Amino acid sequence: MAVRYAPAEIESRWQAHWQAESLDSTPIDDPERDTFYALSMFPYPSGTLHMGHVRNYVITDVIARLQRLRGRHVLQPMGWDAFGLPAENAAIERGVDPGDWTERNIDQMRRQLQRLGLSIDWDRELATCHPDYYRWTQWLFLQFLEAGLAYRKEASVNWDPVDQTVLANEQVDSDGRSWRSGAIVEKRKLCQWFLRITAYADALLDDLDQLDGWPERVRTMQANWIGRSVGAELAFPVIDPAGQPTGASITVFTTRPDTVYGVSYLVLAPDHPLVASLTADDQQDTVQAFGAAVNRQSDQERTAEDKPKRGVPLGTFGRNPFNGERIPLWIADYVLAEYGSGAVMGVPAHDQRDFVFARQYELPVRQVIVPEGADEHAYEGGAWTEPGVLIHSGPFDGLPSGQAKQAIVALAEREGWGKERVQFRLRDWLISRQRYWGCPIPVIHCDSCGVVPVPDAQLPVELPRHLAFSGKGASPLAQLSDWVNVPCPSCGQPARRETDTMDTFICSSWYYLRFSDPHNTALPFSREEADRWLPVDQYVGGIEHAILHLLYSRFFTKVLRDRGLLSFDEPFRRLLTQGMVQALTYKNPRSGQYIAPAEVGDPADPRDPINGERLEVFFEKMSKSKHNGVEPGVVIDRYGADTARMFILFKAPPEKDLEWDDADVEGQYRFLQRIWRLVDGAVGRGLNLAGLPPGNAGEPDSGSGALSAADQELRRAAHTAIAAISDDLADGHYQFNTAVAELMKLSNVMGSLVEAASEPVALEAFGILLVLLSPFAPHLAEELWQRLGGKASVHRQAWPSADAAALVQATIPLVIQVKGKVRGNLEVPADADAATLEQLALGSEIARKWLDGQPPRRVIVVPGKLVNLVP
RNA sequence: GGGGGCAUGGCGGAACCGGUAGACGCAGCGGACUUAAAAUCCGCAGGCCGCAAGGCUGUGGGGGUUCAAGUCCCCCUGCCCCCA
């Protein structure tokens, strides 16, 4: 009796059953077994699952299920990146406790996630805001401290005026805005904690070469961010009005020592430590006022090549040691104290920013490099910044830039004027945050002992809960005198706790390690467990973390390796960056308003519901503000998780953007119903998988006797699907879209052939279909597997292998080309050799028609494919 | 400005190492079933010419290599991303 496909009932039933059977728990027996660690970037518990999450986790789940079928022990965990500002903002706006708010969101999101049928081991779930997790974040921080890799310094730092906290460089975008709040970042001079990531700059750059399982562009982005450049450090002596050295000198960093004869001024950052002492008396006021003005600008505004450059002279001079020239000292907005040595040599002829600056203040522009083969370069447009040949450069005239750099640095080293130096764009990682809802930095400030680490036995430094939030001023922690005032662990005198918390990117820089050993109470993880599961075999997440999270995690892994806690130094073997989920968006081009799809009327002629104006229609990333979001829960209610999964996997290759389309979702639903009816029909005819050899869907009783034409064709289709899908899902290149297409092809063939096929061959095909389907539509595959009498769970079967014998065909269509153009097909024996194929082609009707009786000049035979006749 | 990527039917996308371009799906059209509709099933479908057989043409544009180019090389145009 036919039963309708009812995903809601099937899915909840199997989810409960799998949970009861612990089907998704991580196997820990049999240490000899190959392991596979499939990891999704863990979410921030906002409380709402969106389609981007769904896509991410479904991709990872298919990979995890596939690896299980391939016989590997699989770890697929899930956790929560649970510290962060939204919780604190909820506290300020609605008076709820950030911890309570976060817990509620986690519960809600976990329930939403569980509806997707993900084979996640929930026993290993973690949240970074739980004391049994952040205890180890603190422990790791103290490891960094002990290694000299965490330090405090006063620095001009990025201040987000909206979120009221400082930010790391990576967290400020190219417009000078905060990655979170979007506010223009200000500069503030504060004493802050840093992690010395620059000590690993070379390793982080060099080891990118090992990461051949990462997308090329992510590696390029990281390399650019680290920004290694080789140049020189040159010291310019300061001279007094009489031209005598004062004993002071200014050290500049330059990547262009070959232009040193073109220096027409020196520029210091306004907050360079030498500025005050180098400023002439009559310039003091001007210089101070300028420094204050610059402080309000972002780094990006200051250094952009297309923005005007401002500066003031100090009224004092230095000397170019190479040619003895007297050169004026300036300060300017486009020089940053934090980069290089905080001072640069101004070479207007060969640096665009120097050029703009020199034009503005009428400083001399002297050309010292000419383009190869030219006498001069015209300067209307700007500086000549390419390499060339030196002129006006004393003994170095005539040398090409490359050689000149070496010769000039060599001279500087001999004379004690400077040396070669490697400079990185990468800055140390600023990790202090003046916020409450984060991991407390486990140190105590003591007047006599200085910074004292909290002793291990006192960890974790717990975050006090249920505080009052004003959202103004310092972190609420600073106002909790009971919490702040503690005795110094070293001398016992009254001391104060650090009230800053850590950047949440610290918490997420090691969570993938904790998953290997989540309940360890003696260590963040045991080396044995970490080595057993890691590096992560497949990491899946958004490209937006190309620099931030992925760079920090690589840094952590290298440090922990050097501390002897790990034996590997790259955390993620393969990385898949999935594309965005987009949906159709309606926008009034005149007003800029986004209109909800329900309000536009006829989608073929969308109009603004208020004024009837014609709307623009395009695909854009789903978001609330654009009214184009599709809620996962709604889709699951209507079609089931299996349909949602199939749609997402089929609609676009994983790394490309995906355009949501309700009609295509319907299409997937129809496909799953077709499979349902197909199997239901077989069940109705009494087919039963129990008749197959146990535990293997891929090896029927082939070879016994001659198969009918229908049997042969069906077997060929089934085994072709195995071969094609295995190929589409080979390690590291995951073409889910074509794999689903192959499933459709197989089901199409089965639809027309299973009734004509013999029972064993039909059953074999059903077994193959359901096992191949199981990673994609786990509930449907399981339900149909059981209905067909399958033993155990479909998810405990072995991935089938294609039977070469089933793929063999007696004849194949041979393409006949004449002069490269396809003129027709010839059915030929599949195993015919080249000579036979040539004869067959020459004797064919096609040859007679197109060759006018002339023998071809040339014949190209590609056995198994084609014959090309060239007259 | 520098670096990287992409461009294929009405749409999303296939095409291994250069070997039948458009798999699979969506939308569309025709037919069967139905009182009717939905659902389902069968079929058609890049464009142009043709009643048809068939022919010509076609992977952003131009050139090249090759028996053969979506695929390799050079130039151009457009779009996207990263860095400035």
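Everything quoted here is computed from the prediction, not taken from an experiment. Below, read A as the first sequence line, B as the second, and so on, with proteins coming before strands; counting in each chain starts at 1.
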| note | Base-pair string, RNA chain B, Watson-Crick plus G-U, cut-off 3.5 Å on both distances, | for inter-strand, is (((((((..(((......[....))).(((((.......))))).((((....))))..(((((..]....)))))))))))).

| Glycosidic conformation of G25(B), taking syn as within 90° of 0 and anti otherwise |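 Chi for G25(B) falls in the anti range.
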
| message | Does C17(B) count as syn, meaning its glycosidic angle lies within 90° of 0, or as anti? | response |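 C17(B): syn glycosidic orientation.
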
To the nearest Å, give me how far apart [atom1] ([X]) and [atom2] ([N]) are.
X: Phe671(A); N: C41(B); atom1: CZ; atom2: P; value: 12 Å
X: Asp662(A); N: G25(B); atom1: CG; atom2: C1'; value: 15 Å
X: Arg670(A); N: A38(B); atom1: CZ; atom2: C1'; value: 12 Å
X: Phe650(A); N: C26(B); atom1: CZ; atom2: C1'; value: 9 Å
X: Met750(A); N: C24(B); atom1: CE; atom2: P; value: 17 Å
X: His733(A); N: C16(B); atom1: NE2; atom2: P; value: 11 Å
X: Leu672(A); N: G25(B); atom1: CG; atom2: C1'; value: 13 Å
X: Met646(A); N: C24(B); atom1: CE; atom2: C1'; value: 11 Å

For the pair [X] and [Y], find out whether any cationic side-chain nitrogen is under 4.0 Å from an anionic carboxylate oxygen.
X: Glu713(A); Y: Arg716(A); answer: no
X: Asp202(A); Y: Arg228(A); answer: yes
X: Arg715(A); Y: Asp803(A); answer: yes

Indicate, with a heavy-atom threshold strictly under 4.0 Å, whether [X] touches base, sugar-phosphate, or nothing.
X: Val870(A); result: sugar-phosphate
X: Arg219(A); result: nothing
X: Val862(A); result: base
X: Arg857(A); result: nothing
X: Ala652(A); result: nothing
X: Glu659(A); result: sugar-phosphate
X: Pro813(A); result: base

| Side chains of Asp354(A) and Tyr334(A): donor-acceptor distance under 3.5 Å anywhere? |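 Indeed, the side chains of Asp354(A) and Tyr334(A) share at least one donor-acceptor pair under 3.5 Å.
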
Looking at [N], I'd like to know if its phosphate oxygens (OP1 or OP2) sit under 4.0 Å from a side-chain N or O belonging to [X].
X: Lys821(A); N: U57(B); result: yes
X: Arg217(A); N: G3(B); result: no
X: Asn748(A); N: A23(B); result: no
X: Arg4(A); N: A39(B); result: no
X: Gln735(A); N: A15(B); result: yes
X: Lys651(A); N: C26(B); result: no
X: Asn737(A); N: A14(B); result: yes

Counting side-chain heavy atoms from CB outward, which of [options] is closest to [X]?
X: Ala663(A); options: C83(B), C67(B), C26(B); result: C26(B)
X: Asp664(A); options: U20(B), C26(B), C24(B); result: C26(B)
X: Met744(A); options: G25(B), C82(B), A14(B); result: G25(B)
X: Asn868(A); options: C82(B), U20(B), C67(B); result: C67(B)

| request: Nearest 0.5 Å please: distance from the CG atom of Asp727(A) over to the CD1 atom of Ile722(A). | output: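 Spacing of CG (Asp727(A)) from CD1 (Ile722(A)) equals 13.0 Å.
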
| Does any N or O donor sit under 3.5 Å from an N or O acceptor when you compare the side chain of Asn224(A) with the base of C83(B)? |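 Per atom types, no contact qualifies.
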
| task | Please evaluate the base of G19(B) for a donor-acceptor partner in the side chain of Gln817(A) within a cut-off of under 3.5 Å? | result |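 For Gln817(A), whose side chain was compared with the base of G19(B), there is a donor-acceptor pair (under 3.5 Å).
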
Please give the distance between the [atom1] atoms of [N] and [M] as a whole number of Å.
N: G5(B); M: C72(B); atom1: P; answer: 12 Å
N: C24(B); M: C49(B); atom1: C1'; answer: 31 Å
N: G18(B); M: A68(B); atom1: P; answer: 16 Å
N: G46(B); M: C11(B); atom1: C1'; answer: 13 Å
N: U57(B); M: G50(B); atom1: C1'; answer: 15 Å
N: U34(B); M: A27(B); atom1: C1'; answer: 25 Å
N: G30(B); M: G78(B); atom1: C1'; answer: 39 Å
N: C73(B); M: C81(B); atom1: P; answer: 26 Å

| message | Taking atom CD as the centre, does Glu755(A) end up with more than 12 heavy-atom neighbours from other residues, nucleotides or ligands that are less than 6.0 angstrom away? | response |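 Not buried by this count: 12 neighbours or fewer within 6.0 Å.
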
| query | Taking the inter-plane angle between the rings of His545(A) and His549(A) on a 0 to 90° scale, is it parallel (under 30°), tilted (30 to 60°) or perpendicular (over 60°)? | reply |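 Plane angle over 60°, so perpendicular.
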
| query | Do the ring planes of Tyr539(A) and Phe572(A) sit parallel (below 30°), tilted (30 to 60°) or perpendicular (above 60°)? | reply |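 Parallel.
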
| Given that Arg823(A) and Gly820(A) both sit by RNA chain B, which one's nearest nucleotide is further toward the 5' end? |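 Looking at RNA chain B, the more 5' nearest nucleotide goes with Arg823(A).
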
| task | Would you mind telling me which residue lines up with the more 5' stretch of RNA chain B, Asp657(A) or Lys865(A), judged by nearest nucleotide? | result |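 This one resolves to Asp657(A).
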
| Is it true that Phe505(A) and Trp429(A) have ring centroids separated by less than 6.0 Å? |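 Between Trp429(A) and Phe505(A), which both carry aromatic rings, the centre distance is not below 6.0 Å.
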
| message | Contact between Ser401(A) and Arg256(A) at the side-chain level, heavy atoms closer than 4.5 Å - yes or no? | response |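 SC-SC contact between Ser401(A) and Arg256(A) confirmed.
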
| Sole candidate of Arg645(A), Met646(A), Gln735(A), Lys651(A) that passes side-chain contact (heavy atoms from CB on, under 4.5 Å) when paired with Val740(A) |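 The side-chain contact (heavy atoms from CB on, under 4.5 Å) with Val740(A) is passed solely by Met646(A) among Arg645(A), Met646(A), Gln735(A), Lys651(A).
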
